[in-house]
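So that the names make sense, note that chain A is the first sequence line, chain B the second, and so on, each numbered from 1.
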Amino acid sequence: MEYFLIIVSAIFVNNIVLAQFLGICPFMGVSSKLSTATGMSGAVAFVITLATVVTFLINKYLLVPFGLEFLQTIAFILVIAALVQMVEIVLKKISPSLYQALGIFLPLITTNCAVLGVAITVVTKEFTFGGAAHMLNLAQAAVYALATSLGYGLAMILFAGLREQLSRSEVPAAFKGLPIAFITVGIMAMAFLGFSGIV
Amino acid sequence: MSKFGLITKGFLKENPTFVLVLGLCPTLATTTSAMNGLEMGLATMFVLILSNIVISLIAPVVPDKVHIPVYIVVIATFVTLLQLLMQAYVPDVYETLGLFIPLIVVNCIVLGRAEAFASKNSVGDSALDGIGIGLGFTVTLTIIGIVREILGSGSVFGWRFITGDGILAFVMAPGAFLVLGYLMVLFNKLAKR
């Protein structure tokens, strides 16, 4: 039951883009085409889940026992940078076309605040489910990370669909490009507000 | 570019939000009120100036292959410093801004300036660049905060001018996107003239 609550809350209620404002730069950058949006969400999902598990373990067994919690920011970002490098090398080998399509945004996953944001959230924030607030354990953290990145993918793919339509419609000159995209996301976020209170 | 130009370019010509479109996450997340926007802008400026200075000093000796990780570690060091300072002297501000203080590490403005400016210019110019872009970011965040606070809670910097509630949606997530979108339209319109 608690896993179900974590999943619903991470995907819909506290959607990472539309409610938590994390990972907006790549969200705006690659969402103009449906295919790149799908690829990017896959890469981000992989990196977020892996990075969260690794940083969770490092925090629990290395930083906390030695009283080094203040090093969280530096340690986490280094782990994430190394992981992204690895994903890049693997992807280059397995799927060159996807690697081409993601272009500059792949190395930029390092500076995608969604990754560091989720890693820091799971080790610092208390989650409320089943009436009591508690810290997540490893399995819950992994599920939370995966669900969050699914929410990221959902928002990105929905938005890419809207944006492909937008590119064909006529908008006033000053609204062209990003401004109308932001207003569209605003309306999407309003729709997602409807989920609040479910969990 | 003149010294004066370095400091003022952040307002219009290279405005980090409206022209460069960088650092959107804190821009959207922390501008629920004018004061929050101002505080977030100042926190980012602190890291931006210090990291620009240090990176312009070490750039000549950092091997090209590892320059990004090195820059990120420099930035992360200053962010950690900022976290400790804020926890010690302004704990309630640290509490409000929450997650977005450690996330300055991955703010594309900071790494972007390191890569595009500080690594190629002198220490003095890099410091001024940090001040300029930082000021531009702070002013923009404050403006967005003011608009959202007026619409959302009917107050400016905590001073209420209406009784009753504002339009709650503007303090919540949708308002952030809408206000930023419409301010961008306004900026485009005014900049074109």
Side-chain angles (χ1 to χ4, degrees), chain A residues 14-29 70-78 80-82 85 107-121 124-125 171-193 196, chain B residues 17-18 21-31 66 68-69 71-84 87 98-112 168-170 172-192:
Chain A
N14 292 313
N15 186 283
I16 185 153
V17 180
L18 301 171
Q20 297 187 53
F21 306 110
L22 293 175
I24 307 273
C25 294
F27 178 75
M28 284 294 172
F70 68 93
L71 284 179
Q72 262 170 5
T73 315
I74 298 183
F76 286 13
I77 193 69
L78 278 178
I80 291 166
Q85 199 80 47
L108 282 186
I109 293 183
T110 310
T111 51
N112 182 339
C113 44
V115 184
L116 186 61
V118 172
I120 294 181
T121 306
T124 53
K125 202 180 134 198
V171 292
F175 281 82
K176 276 216 174 78
L178 279 177
I180 190 72
F182 272 111
I183 294 166
T184 314
V185 183
I187 296 167
M188 256 175 88
M190 222 178 268
F192 267 71
L193 267 190
S196 62
Chain B
T17 308
F18 296 126
V21 203
L22 292 174
L24 292 174
C25 305
T27 307
L28 292 163
T30 60
T31 52
V66 292
I68 298 264
Y71 292 175
I72 290 183
V73 173
V74 170
I75 297 168
T77 311
F78 285 120
V79 171
T80 309
L81 201 67
L82 174 74
Q83 280 179 282
L84 296 174
Q87 276 166 345
L99 184 61
F100 286 88
I101 293 297
L103 285 186
I104 295 176
V105 178
V106 285
N107 187 324
C108 354
I109 295 176
V110 184
L111 191 61
L168 193 59
F170 279 97
M172 290 157 84
F177 291 109
L178 289 177
V179 168
L180 183 59
Y182 281 112
L183 284 180
M184 263 183 177
V185 173
L186 199 66
F187 188 88
N188 286 350
K189 200 85 186 164
L190 294 178
K192 259 200 200 110

Between A:L22 and B:F100, is the side-chain contact (heavy atoms from CB on, under 4.5 Å) condition met? List the steps. CA-CA 9 Å; A:L22 293 175; B:F100 286 88; 3.9 Å; yes
Sort B:L183 into side chain, backbone, both or neither according to what part of it lies under 4.5 angstrom from a heavy atom of chain A. neither
Contacting moiety of A:Q72, where chain B heavy atoms sit under 4.5 Å: neither
Between B:L103 and A:L116, is the side-chain contact (heavy atoms from CB on, under 4.5 Å) condition met? List the steps. CA-CA 7 Å; B:L103 285 186; A:L116 186 61; 3.8 Å; yes
Closest heavy-atom pair and its distance - A:A174, B:K189: CB-CD, 4.0 Å
On a heavy-atom basis, which atom in A:T73 and which in B:P102 lie closest, and how many Å separate them? CG2-O, 3.9 Å
Below 4.5 Å from any heavy atom of chain B, which atoms of A:I183 appear? Answer side chain, backbone, both or neither. both
Aromatic rings A:F21 and B:F177: how do their planes relate, parallel, tilted or perpendicular, breaks at 30° and 60°? tilted
Can you say whether B:V105 sits under 4.5 Å from chain A via the side chain, the backbone, both, or neither, judging by heavy atoms? side chain
Please classify the contact between B:T27 and chain A as side chain, backbone, both or neither, with a heavy-atom cut-off of under 4.5 Å. neither
Interface moiety of A:I77 toward chain B, non-hydrogen atoms closer than 4.5 Å: side chain
Here the pair of heavy atoms bringing A:C25 nearest to B:L24 is SG-N, 4.0 Å
Does a sphere of radius 6.0 Å around OH in B:Y182 hold more than 12 heavy atoms from other residues, nucleotides or ligands, not counting ones at 6.0 Å or beyond? no
Before giving the answer on side-chain contact (heavy atoms from CB on, under 4.5 Å), spell out for B:V21 and A:M28 the whole-Å C-alpha distance, their side-chain angles and the decisive distance to 0.1 Å. CA-CA 10 Å; B:V21 203; A:M28 284 294 172; over 6 Å; no
Considering all heavy atoms, the nearest B:C25-A:C113 contact: SG-SG, 2.9 Å
B:L99 and A:K125: CA distance, side-chain angles, deciding distance, side-chain contact (heavy atoms from CB on, under 4.5 Å) verdict: CA-CA 10 Å; B:L99 184 61; A:K125 202 180 134 198; over 6 Å; no
Should B:T80 and A:L71 count as side-chain neighbours, where that means a heavy-atom distance under 4.5 Å? no
Does A:F182 have any ring pair (Phe, Tyr, Trp, His ring centres under 6.0 Å) partners at least two apart in sequence or in another chain, and if so, which? none
Give me the atom names and distance for the closest heavy-atom approach of B:M184 to A:P179. CB-CG, 3.8 Å
At a heavy-atom distance under 4.5 Å, which candidate from B:A76, B:G181, B:P174 has the highest pair count against chain A? B:P174
Ranking A:L18, A:V115, A:V185 by heavy-atom pairs under 4.5 Å to chain B gives rank one to A:V185
List in chain and number order the residues that pass side-chain hydrogen bond (donor to acceptor under 3.5 Å, both in side chains) with B:T30, two or more places apart in sequence or in another chain; answer none if no residue qualifies. none
